[in-house]
Number of protein chains: 2
Amino acid sequence: MKILPEKTIERLSQYRRTLNNFYADHNSNRIFSHELAALLNITAVQVRRDIMFIGYSSSQRKGYNVQELIQVISQIIDTHEPINVAVVGYGNLGKAITTYFVGNRPKLNLVAAFDIDPKKIGQETHNIKCYSIDRLREILVAKDITIAILTVPTHAAKDMAKILVQTGIKGILNYTTVNLHIPPEIYLEEYDMITSLEKVAYFVKNKNQ
Amino acid sequence: MKILPEKTIERLSQYRRTLNNFYADHNSNRIFSHELAALLNITAVQVRRDIMFIGYSSSQRKGYNVQELIQVISQIIDTHEPINVAVVGYGNLGKAITTYFVGNRPKLNLVAAFDIDPKKIGQETHNIKCYSIDRLREILVAKDITIAILTVPTHAAKDMAKILVQTGIKGILNYTTVNLHIPPEIYLEEYDMITSLEKVAYFVKNKNQ
DNA sequence: GTAATATTGTTATAAAAATAACAATTCCTC
DNA sequence: GAGGAATTGTTATTTTTATAACAATATTAC
């Protein structure tokens, strides 16, 4: 299948979770585009357009089959073979992410955490063990880790990214406030909490324009 | 000034931080658009266009004055009066955000944290005190809190949002995976870590298309 | 001082994303 | 079973965002 728009991919992830919740709550296997849209604060057209993109279609006039739709979305956003993920930096943010992860995400396995603090090394939360940052290279390779979530302090971000790149990581989700410079074949997604907050502040201030 | 594009606001926040770092590191008061762009992994045109939007201009051919540019950006994204912010949910993520906040952000004050866990109530990190969630209404009003960062567990998100809305909050930054339904006059920014990770996984998988 | 060069500021174009419009289909009512 | 209503699927349009093109200006080299 042709690659899908970035925003559609983001929404597909949310559709899937929302559909799972919907199914658990309502025990109904039918959902209308406007129902799904309302749950996500978006428009029904947007939902239908995304669903068109992924090539799914319902028996018209009776909404979508919830489980089928979950299946189709999963075929697109999940990989065939599970992908192994590591959290690099096991401070508060790293631990928060580990907790978010607990549950059923069969194709994305969080398999290791790393930190420099001896007190954290050896800790195990939700079956995720924390290793010394010194063993980063070794364990990334040994455990076939493809994606890294970077949550180290600012001063360490650059060096960690360097090691990740050298080890052949495929994707980095960067939560540090450091702008990383890595080869273009590695997929880099950056998120900056301070920027988000400053954005909220700006639009709170300028809401009447 | 006319309201600026959302993406420009996001970048302005990052320009400012990058410029502050640049000034500290280089002790130079001049920066070219392509230098700033390189630091942020974007194009020089994008930088110049954003700077055009905010109405700043340099003496041509010699780059921008770093401190002036910081000033101009601050005038746009900062408020005149400081804005008070609270973290609702003082688990790992709430604590992580508190830590991120430490430093010089004169116009955005994190003034309180809230949690339901008696063990956390009364804790104080970086001068931020944790209060009982029972006192949320009271303290939001007393401390004139305008923006809330929501980091509570899924099951509590809806109720917390309700209280925030009732108390007249102006903006919410929602890190829970629950889609909130709040009046449109409240600015809502949502961020979903799982979605971000699933997005990275998708584009790692489909990078060659 | 003139030509070449580097940089900005701005307009024009392209690409991405969201919204609107509407035909097609199915279901329901009578 | 005819007519109306609700819903989907898709094309068209608009809006937002990013990129490209290029004139204007200042600096440097000679």
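Taking Glu10(A) as the reference, Lys199(B) meet the salt bridge (Lys or Arg N to Asp or Glu O under 4.0 Å) condition, with sequence neighbours excluded. Checked against salt bridge (Lys or Arg N to Asp or Glu O under 4.0 Å), Arg30(B) has no partners two or more places apart in sequence or in another chain. Taking Lys170(A) as the reference, nothing meets the salt bridge (Lys or Arg N to Asp or Glu O under 4.0 Å) condition, with sequence neighbours excluded. Residues meeting the salt bridge (Lys or Arg N to Asp or Glu O under 4.0 Å) test with Glu138(A), sequence neighbours left out: Arg135(A). With sequence neighbours left out, the ring-ring contact (aromatic ring centres under 6.0 Å, His included) criterion links Tyr187(B) to Phe203(A). Listed by chain and residue number, nothing satisfies the ring-ring contact (aromatic ring centres under 6.0 Å, His included) test with Tyr23(B) (two or more places apart in sequence, or in another chain). In terms of the ring-ring contact (aromatic ring centres under 6.0 Å, His included) criterion, Phe53(A) has no residue partners (sequence neighbours excluded).
Straight-line distance from the CG atom of Leu12(A) to the C1' atom of dA17(C): 14 Å, rounded to whole Å. Taking atom CD1 of residue Ile9(A) and atom C1' of nucleotide dA16(C), one finds them 14 Å apart after rounding to whole Å. To the nearest angstrom, C1' of dA5(D) lies 13 Å from NZ of Lys62(A). In this structure, the OH atom of Tyr64(A) is 13 Å from the C1' atom of dT25(C), given to the nearest Å. Protein atom CG of Asn65(B) is 16 Å distant from nucleotide atom C1' of dT7(C), rounded to whole Å.
Evaluation of the side chain to side chain donor-acceptor pair (under 3.5 Å) test over residues 149-162 of chain A, restricted to residues two or more places apart or in two chains, returns none.
For DNA chain C, the neighbouring residues in residues 28-42 of chain B, judged by any heavy atom under 4.0 Å, are Phe32(B), Ser33(B), His34(B).
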Show each protein N/O and nucleotides 23-25 of chain D N/O combination with a separation under 3.5 Å, one pair to a line.
from    : atom 1 : to       : atom 2 : distance (Å)
dT25(D) : O4'    : Gln60(B) : OE1    : 3.0

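Ring pair Tyr131(A)/Phe114(A) is tilted by interplanar angle, where 30° to 60° counts as tilted.
Distance alone, capped at 3.5 Å, is enough to place a donor-acceptor pair between the Asn29(B) side chain and the Gln67(B) backbone.
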All N/O donor-acceptor pairs, side-chain side in residues 31-43 of chain B, below 3.5 Å, sequence neighbours left out:
from     : atom 1 : to        : atom 2 : distance (Å)
Ser33(B) : OG     : Arg48(B)  : NH1    : 3.3
Glu35(B) : OE1    : Phe32(B)  : N      : 2.8
Asn41(B) : OD1    : His181(A) : ND1    : 3.0
Asn41(B) : ND2    : Leu180(A) : O      : 2.4
Thr43(B) : OG1    : Gln46(B)  : N      : 3.2

**OP:** Would you give a per-nucleotide map of nucleotides 11-21 of chain D, 5' to 3', where B means the base has a protein non-hydrogen atom under 4.0 Å away, S means only the sugar-phosphate does, and - means neither?
**Re:** BB----SSBB-
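Phosphate contact (OP1/OP2 of dT8(D), side-chain N/O of Ser58(A), threshold under 4.0 Å): absent.
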